[in-house]
**Student:** 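Quick one: this structure, given as structure tokens, is what I'll be asking you about.
Each chain gets a letter, A, B and so on, in the order its sequence line appears, and its residues count up from 1.
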2 protein chains.
Amino acid sequence: MSEPEDDPLAGSTGYALRRAAMAMLGDLAERLTAIDCRISEASVLLLIAERKDVTATRIAHALEIKRTNMVPLLNRLESRGLVKKVPIDGKSQAVVLTPKGRRRGARALTITQQFEEDLIARIPREHRKHLLPALRALWL
Amino acid sequence: MSEPEDDPLAGSTGYALRRAAMAMLGDLAERLTAIDCRISEASVLLLIAERKDVTATRIAHALEIKRTNMVPLLNRLESRGLVKKVPIDGKSQAVVLTPKGRRRGARALTITQQFEEDLIARIPREHRKHLLPALRALWL
DNA sequence: TATTGTTATACTCTATAACTATA
DNA sequence: TATAGTTATAGAGTATAACAATA
């Protein structure tokens, strides 16, 4: 598409970070259309598959999504029969996978693992092991 | 905020890439409020400062923004007196900085250079030189 | 009083389709 | 016919304020 030398911002790490993230998210989003899931939806399926009695608030915290934005997200998953809400007490409710949700979550895992593998394969070998720790230093 | 061991996605490079980019963009956006600019607006100021006779289409291509989305972006810059449009021929028009736009662009450059410096300083020294080439391999 | 879940709302970024005018 | 600019519109993510019900 755009040649690097055409772009005075190409030498910027911040700019490269944004571009790489955008390209990566576009690729992943496209792969997830195979299971009719958005990235945020697949993230929830993967997250609650490994946990028990997870409330919407805990999911929101783990994925750094605002509590308020969990509502339409979970409603979409619930209306498609992928998750259901189970009361914990009068105030809290656990979000749990339905059998259909577990199958969908398993497919999401397959897709994201292949995606991750392909992503890493694109990184030149000598830089490969440095990327994750560098990114985590920027994020945490 | 969120502890890594709380998060089963923390081992994923794709996930870390998204999180790092989000954190970085949030930081930069906040710094740019000092000159009342969005990231996309500052990018345009920086881009056209170094070029002559740049059309909206060329800016869109260089920044990988859809042509159609340049319209409100440039309108905002124009209504604040930072850029103006100069006809090239009956069909094309150059987007050029006004004197006020040049001053704003200079401040944008100062902010983004300091930002870049701070960003790189956060990366552990042994990973530092690997980040940019790794990101560019993912993006290009 | 603090927390959980919710509604309403708005802003930003991104995206497609379709139109006008000019090269 | 292809390109430059534009309009209208929609989807997705993110954000704040405010409220009800419960711990």
Side-chain angles (χ1 to χ4, degrees), chain A residues 1-2 15 17-19 21-30 32-33 36-44 48 53-79 83-96, chain B residues 1-2 14-15 17-19 21-30 32-33 36-44 48 53-79 83-96 139:
Chain A
M1 268 294 178
S2 69
Y15 187 69
L17 181 53
R18 176 182 171 278
R19 279 292 193 89
M22 294 294 293
M24 177 276 295
L25 290 169
D27 180 359
L28 179 56
E30 196 198 324
L32 288 172
T33 61
D36 193 33
C37 276
R38 302 176 189 176
I39 293 173
S40 57
E41 293 168 346
S43 301
V44 170
I48 67 180
D53 288 353
V54 197
T55 62
T57 295
R58 275 186 66 82
I59 299 172
H61 182 249
L63 297 178
E64 211 155 271
I65 294 172
K66 296 287 172 199
R67 273 198 315 278
T68 201
N69 294 326
M70 291 299 299
V71 179
L73 204 176
L74 292 179
N75 284 345
R76 282 193 305 273
L77 291 175
E78 193 170 23
S79 70
V83 307
K84 63 183 174 188
K85 291 168 184 166
V86 178
I88 295 177
D89 55 34
K91 188 167 73 170
S92 301
Q93 45 193 342
V95 182
V96 299
Chain B
M1 269 295 176
S2 70
Y15 187 69
L17 180 53
R18 176 181 171 276
R19 279 294 192 86
M22 295 295 291
M24 177 277 294
L25 289 170
D27 180 0
L28 179 57
E30 196 198 323
L32 287 172
T33 60
D36 193 33
C37 275
R38 302 176 188 176
I39 293 174
S40 57
E41 293 168 346
S43 301
V44 170
I48 66 180
D53 287 353
V54 196
T55 62
T57 295
R58 275 185 65 82
I59 298 171
H61 183 250
L63 297 178
E64 209 155 273
I65 295 172
K66 296 287 174 199
R67 273 200 314 278
T68 200
N69 294 326
M70 291 299 300
V71 178
L73 204 176
L74 292 179
N75 283 345
R76 283 193 303 273
L77 291 175
E78 193 170 23
S79 70
V83 307
K84 63 184 175 188
K85 292 169 183 168
V86 178
I88 294 176
D89 56 34
K91 188 167 72 170
S92 302
Q93 45 194 341
V95 182
V96 299
W139 142 29

**Student:** Provide a list of protein-nucleic acid N or O atom pairs under 3.5 angstrom, restricted to nucleotides 16-21 of chain D.
**Tutor:**
none

**Student:** State the CD-NZ distance between A:Glu78 and A:Lys85, to the nearest 0.5 angstrom.
**Tutor:** 4.5 Å

**Student:** Take atom CG of B:Leu28 and atom P of C:dC13, then tell me their distance rounded to the nearest Å.
**Tutor:** 11 Å

**Student:** For B:Val95 and B:Ala56, which heavy atoms make the closest approach, and how far apart are they?
**Tutor:** CG2-N, 4.1 Å

**Student:** From the options D:dA4, C:dT14, C:dG5, select the nucleotide whose nearest atom is closest to the side chain of B:Thr57.
**Tutor:** D:dA4

**Student:** Which heavy-atom pair separates A:Ala62 from B:Arg19 by the least distance, and what is that distance?
**Tutor:** O-NH2, 3.0 Å

**Student:** Kindly give the heavy-atom pair with the smallest separation between B:Ala21 and A:Ala21, and that separation in Å.
**Tutor:** CB-CB, 3.5 Å

**Student:** A:Arg76 has an atom CZ; how far is it from atom C1' of D:dG11, in whole Å?
**Tutor:** 10 Å

**Student:** Can you check the B:Met70 CE to C:dA15 P distance for me, whole Å?
**Tutor:** 14 Å

**Student:** Nearest whole angstrom, please: distance from the C1' of D:dT14 to the CG of B:Leu25.
**Tutor:** 13 Å

**Student:** What's the closest nucleotide to the B:Asp89 side chain, out of D:dG5, C:dA23, D:dT6?
**Tutor:** C:dA23

**Student:** Would you say B:Arg38 reaches C:dC13's phosphate, i.e. side-chain N/O to OP1/OP2 under 4.0 Å?
**Tutor:** yes

**Student:** How long is the straight-line distance from NE2 of B:His61 back to NZ of B:Lys66, given to the nearest 0.5 Å?
**Tutor:** 10.5 Å

**Student:** Take atom CG of A:Leu74 and atom C1' of C:dT7, then tell me their distance rounded to the nearest Å.
**Tutor:** 15 Å

**Student:** Any sub-3.5 Å donor-acceptor pair from A:Thr33's side-chain atoms to A:Glu30's backbone N or O?
**Tutor:** yes

**Student:** With a cut-off of less than 4.0 Å, is there a side-chain N or O of B:Gln93 near OP1 or OP2 of C:dT22?
**Tutor:** no

**Student:** What is the distance, rounded to the nearest whole Å, between atom CZ of B:Arg19 and atom C1' of D:dG13?
**Tutor:** 14 Å

**Student:** Expressed in angstrom and rounded to an integer, what is the separation of B:Ile59 atom CD1 from D:dT6 atom P?
**Tutor:** 11 Å

**Student:** Does any part of the side chain of A:Arg38, heavy atoms only, come nearer than 4.5 Å to the side chain of A:Arg76, both counted from C-beta?
**Tutor:** yes

**Student:** Does A:Ala23 offer a backbone N or O that forms a donor-acceptor pair with the side chain of A:Asp27 under 3.5 Å?
**Tutor:** no

**Student:** Work out how much the helix from C:dT1-D:dA23 to C:dA23-D:dT1 bends between its end axes, five pairs an end, to the nearest 10 degrees.
**Tutor:** 10°

**Student:** Between A:Met22 and A:Ser92, just flag the one whose closest nucleotide in DNA chain C comes earlier from the 5' side.
**Tutor:** A:Ser92

**Student:** When rounded to the nearest 0.5 angstrom, what distance separates CG in B:Leu73 from OG in B:Ser40?
**Tutor:** 4.0 Å

**Student:** For A:Ile65 and D:dA12, give me the distance from atom CD1 to atom P, rounded to whole Å.
**Tutor:** 15 Å

